[in-house]
Amino acid sequence: MTKVLPREDDGDGKCFEDLEIPPDLDLGRQKDMYLKMCLIREFDTKVKELWLDNKIYGLAHSYVGAEAIAVGACAALHPDDYITSTHRGHGHTIAKGADINKMMAELFGKYEGYNRGKGGSMHIADVEHGMLGATGIVGSGMPIALGSALSANVLGNGKITICFHGDGGTNQGVWHETINMAAAWNLPVVFVIENNQMAIGTELSCVSKETDLFRRALGYGIPGVLVDGFNVFEVYLAVKEAVERARAGQGPTLIEARFLRLLGHFVADDQWYRDLTKVEPYWDYDPVKRMREYFILNKLLKEKEIVEIEAKAKASVERSVVYASTECSEPGIDTLYEDIYAHGEVIV
Amino acid sequence: MTKVLPREDDGDGKCFEDLEIPPDLDLGRQKDMYLKMCLIREFDTKVKELWLDNKIYGLAHSYVGAEAIAVGACAALHPDDYITSTHRGHGHTIAKGADINKMMAELFGKYEGYNRGKGGSMHIADVEHGMLGATGIVGSGMPIALGSALSANVLGNGKITICFHGDGGTNQGVWHETINMAAAWNLPVVFVIENNQMAIGTELSCVSKETDLFRRALGYGIPGVLVDGFNVFEVYLAVKEAVERARAGQGPTLIEARFLRLLGHFVADDQWYRDLTKVEPYWDYDPVKRMREYFILNKLLKEKEIVEIEAKAKASVERSVVYASTECSEPGIDTLYEDIYAHGEVIV
Amino acid sequence: MSIKTVREALNDGMREEMRRDPTVILMGCDVAVRGNPFGVTKGLLQEFGPKRVIDTPISEPGFTGAGVGAAATGLRPIVEILYSDWITLAMDQIVNMAAKMRYMFGGKVNVPLVVRAPFGSGGGNAAQHSQSFENWFNHVPGLKVVAPISPYDCKGMLLTAIRDDNPVIFFEHKRAYQIKGEVPDEEYTVPFGKAAIRKEGSDVTIVSYSMMSIKALQAAEELEKEQGIKCEVIDLRSLLPLDYETVMGSLAKTNRIVVCQEANLRGGMAADIVAEIIDRGFDLLDAPPVRVAALNVPMPYNMALENEVIPSVQKIKAAVLKALGDR
Amino acid sequence: MSIKTVREALNDGMREEMRRDPTVILMGCDVAVRGNPFGVTKGLLQEFGPKRVIDTPISEPGFTGAGVGAAATGLRPIVEILYSDWITLAMDQIVNMAAKMRYMFGGKVNVPLVVRAPFGSGGGNAAQHSQSFENWFNHVPGLKVVAPISPYDCKGMLLTAIRDDNPVIFFEHKRAYQIKGEVPDEEYTVPFGKAAIRKEGSDVTIVSYSMMSIKALQAAEELEKEQGIKCEVIDLRSLLPLDYETVMGSLAKTNRIVVCQEANLRGGMAADIVAEIIDRGFDLLDAPPVRVAALNVPMPYNMALENEVIPSVQKIKAAVLKALGDR
Ligand SMILES: Cc1ncc(C[n+]2csc(CCOP(=O)(O)OP(=O)(O)O)c2C)c(N)n1
Ligand SMILES: Cc1ncc(C[n+]2csc(CCOP(=O)(O)OP(=O)(O)O)c2C)c(N)n1
Ligand SMILES: [Mg+2]
Ligand SMILES: [Mg+2]
């Protein structure tokens, strides 16, 4: 699991291996995972369309290409465990079990959205399902995860936190502080680096000499693990092991899920600054495509069954657009001062 | 040089080895180093006295016990190289070649002081000698060192920066950010951790799971070195090697100088919170005492010659007190708005 | 009633609240083993153990953020920033996370976080250990900001802060720990948003808070004795929300007003209060409001210089006379 | 003269200054390869190379501090914080180091640092990408703060900022990059501390800066056309130092004043300006000064709500009418 994956300039990406049948996931759960991956794919494909069509505004970042990470990781959690997120939060939210209608409503700025139209893409949150919110400030979700792990520890409620963050996020000071404290206090948290090797237009190798990010774990006295971030089962297995360690009171793990950003940084990014011929080969490892092939190759599902799942995802997303655009309401001006303070308190 | 020194609870501290004659330091330079160590010892012993006597105010932290680090490290520098400091800056300032009179004048708040009476102990600076200032905010000197290393790189002036900081400082976010950037950009800077294993009343082992701080270097792709922080020659040799690497364009090094805080956190700290019987044995490694014994043992200096050096240090410090208390002036009220902005500009 | 110092009152407040509510935790540099360098948290580790009284590494951004995350998931963390000057390190977590989380998430979380931030100047601690930044937080919707000074208020408002479901920045004055006063033996709280009138008077209203309210009271007493001037001294205690009802009520009586802060004058809270007073009752003013504040300089180490910078009783008296100037 | 956008003017400013002075460097997230996500720094990497145009990791505290250290040792760094909301991360290095170093060290160093901080609201970017914090910095002696809006001023003041030997916080409005205007082809600078009168008038003075000065001008033009009201529109451009001479001169003529900011009302710059006006010329006022600002709420994502929060031309017009109310 700690084999070194190719970096962008290795070209062919041959080190990514085929998906193997995981030991403990029955087919039902695998289908569930595939559905979630398709939902993410469809959702964020649609979001791009809607954004370019001016139906959605602000900044929106697509999780397309990273589906294996959120889905693989969240599959290792209980429903009431926590996750923290980044600016690229749609995938995390869906993987943790959110209602797509409420997500789409939020992106449309509607009152029925998860955030009552006040958050949008960058702050999408589904606290009820333990999704503690996307944040637009890179790195700022790190200590939030430390806090939820701390509260689990104090309250003794056994909850685990997964802290998703990008390679870019690993260079924020709070990243270091968070991991050091989580390690020192032996907290039940799993750090999952979504290492797509890019931060907007900046390659990881330009801003960190050691690009094997999992190696940093050594400095904190915790395990560091490298996995193929395009491989949903590999992510699942690594996170599952880390979650088990955490539940057993053995503290945090740092998991680097290495892959490559396939699309632009945000939905309207044309990536003029990037040599796309180098990205091209990595589409072979498209996690949705790979999982599909896996089902066929291992004769686990028939084409028809797969298409059914895909169609279901597509329909859900279509439905969510209808819901958000025609069945929801604009938040009234009277909601402006609502929810700044708890219990309806208003300080003008 | 990477032998593991005992932690506080190992008790006897037998792993500290005797000082050996260093390969490249002639006796003259060794005497110089001893004089500086004595100056620091005398200066900070006097500062404590003066503080308790209400002659000096604010917060003042003693460098007693850490002399080997600043003196060993600065001996590896050219006069125009840079150092950055901490809240415990007297030792760094003296080691870099400052005028003790101006330092004492500063602590007395006098206009003739290095900072014109505006800085005091926690902000003592001697920019002319490349000492870029003490800072009262733990960790905040880290990026300053990054900046001076960056400017050396851009200006191509060959200057090296040594960044001194405590074990406590290693847990600030900017510590991580600074070391990551210095490594990524291959900058001419040497990071010296003064690991006295305490931050006020908090033991390092309570706030970091991995207490071998030099191991963190691995995560940044730079060398990490552990040395005996009570051993002036070991510090010197390690820093010298790191400085040579830096001068050769090979980037930063992380050096952990491990020792133990022998005195209180600040001059009036009675350490009620600490088991002093565990500290007691470490006085055997008092760096000033050890260097003295080294001179005798190796028959390099006679007792009389040593006493002369010590007397010189004592006299200089006595002289500085006379200077500061009787020959200097209070900064006038008219200096209040002076030096907020450059070139005499005043914005009321 | 017992006579307690501010230090004791704050310590009692945390202790009692931690006894009452197992979700209250305390974290910061040296709050546990050492009981905080000012002695404010002494004994709490012994009573509540290291799970709830946590010595943090020197990681202000991280442990403040951990407080936010813990608050969002069921705890009531008290986070201590030993000198409020260093709250600069935690601004992102306070301003962009704690203050906004509830709103950004459509009301789905509460963030019952208390950030205790000893502040204020004096003692030759120089530029990085002497600052007052309350107006920064006053500028951020979603936060509450308080600055009590008497032992009674310190304890009562600390309890209110801990029980409040919103993030509260609690400015305690670091040169006030020895101040003594009566504190009830039984449980009580002091609400936010209610100012206290420390002295009644009809000539000039002095609006103040924290250490400045003590200086204002002294100024008022001297002015009364020396010149028969009757000042009404208001101690705001709570800055956000701020009790403009009491302020305007007093102004309606005196028609003259002095506003005091210990922070640097420019960009400070006093300006905000003056502007609000103008909005709320320009016609009540017989003379321009006068501000008293620190000079616009970084705090110098030299104590004679420092004393020039810190607003003094003398300067408050002069301000009152100025407010009365054209009478 | 050429017609340039603000984006081009800023780019030209950096380029020309980097040509002229080899000690000028630029650092920030994505300033090099990508030429900054807004395109402001495009082409600079190609011309000046990676030693001087530096793509940083996402380490705002660290790279801002590196700017301070580099400034103290011979460079003139321009540090970019892509959205000024995140300047929260760098507060310690800006406030406790950059602003104070010179003073703390008795004048022994200069810190010629420029922090470029795109700010302002609009576009549905929500609570963490829409804020304006200029008054925080106004509160910190040792800093200079500017907020130009025209291409001419943006370039001219950027040059002044780079050449200034003090730390300057340079607030450029992130929704202004497309604004066009005349810019001289030859070298020029615009000094700090001098406001520009955008429109002369005798009825009411409108004090504004950055995007608000454009809205103020529009409000003034509409008021003149619709109701014959003659507003004098002042664009401060420089906030610290602030040109009170021009402000008070205008007030002496109009005796009525409106002060506009885009930041949240409470704790903002407009209050500070109002308080200063009171100090400097209470008697000049025929009516209470009126403030226009964003509502005291975190910025909501929904654009209809956002539009309610951001101060509009309409609100400025209403403020002018209020200032004229008792005429
Ligand atoms: C503190 C901060 N600095 C800069 C940005 C601008 N920014 C938004 S996303 C991003 C890149 C993040 O990279 P990474 O963490 O690797 O996540 P990815 O986008 O690759 O998923 C940057 C620099 C920001 N949002 N916050
Ligand atoms: C940001 C910040 N947090 C807390 C403090 C209070 N403080 C002053 S010195 C110190 C301990 C520093 O420990 P270390 O870096 O190991 O240096 P040492 O004192 O041991 O030499 C602390 C916590 C501070 N000055 N700055
Ligand atoms: Mg990335
Ligand atoms: Mg230490």
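The figures here come from the full heavy-atom set of this structure, side chains too, leaving out hydrogens, waters and symmetry mates. Order of the sequence lines fixes the chain letters, A, B, ..., with proteins taken first and strands second; residue numbering starts at 1 for each chain.
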Problem - salt bridge (Lys or Arg N to Asp or Glu O under 4.0 Å) between B/E112 and B/K110, intermediate numbers included - result: CA-CA 5 Å; B/E112 289 76 4; B/K110 298 299 171 74; over 6 Å; no
Exercise for the section: Could you tell me which of B/G136, B/A199, B/G173 has the largest number of non-hydrogen atom pairs under 4.5 Å with chain C? Expected result: B/G136
Completion exercise
In terms of heavy-atom pairs under 4.5 Å with chain C, the winner among B/V138, B/T170, B/L336, B/N115 is B/L336
Distance-only donor-acceptor check, side chains [X] and [Y], under 3.5 Å:
X: B/T202; Y: C/D30; result: yes
X: C/E172; Y: C/Y177; result: yes
X: B/H165; Y: B/Q172; result: no

Fill in the blank from the handout: The reported gap from CD1 in B/I144 to CG in B/L132 (rounded to nearest 0.5 angstrom) is 8.0 Å
Count the heavy-atom pairs under 4.5 Å between each of [options] and chain B, then report the option with the highest count.
options: C/A304, C/P57, C/P61; value: C/P57
options: C/E308, C/E306, C/M303; value: C/M303
options: C/L305, C/N296, C/D85; value: C/L305
options: C/R266, C/R34, C/E60; value: C/R34

Region of [X] in contact with chain B, defined by heavy-atom distances below 4.5 Å:
X: C/L89; result: side chain
X: C/P37; result: side chain
X: C/T88; result: neither

Practice task
Could you tell me whether the side chain of C/Y83 reaches within less than 4.5 Å of the side chain of B/I137, counting heavy atoms only?
Solution key: no
Using non-hydrogen atoms and a 4.5 Å limit, figure out which bit of [X] sits close to chain C: side chain, backbone, both or neither.
X: B/W175; answer: neither
X: B/I340; answer: side chain
X: B/T135; answer: both
X: B/I347; answer: both

Problem - Geometric class of the B/H92/B/Y63 ring pair [parallel <30°, tilted 30-60°, perpendicular >60°] - result: perpendicular
Problem - Plane angle bin for C/F133 and C/W136 - parallel if under 30°, tilted between 30 and 60°, otherwise perpendicular - result: parallel
Fill in the blank from the handout: In short, B/T211 meets B/S205 closest at the heavy-atom pair CG2-CA, 3.6 Å
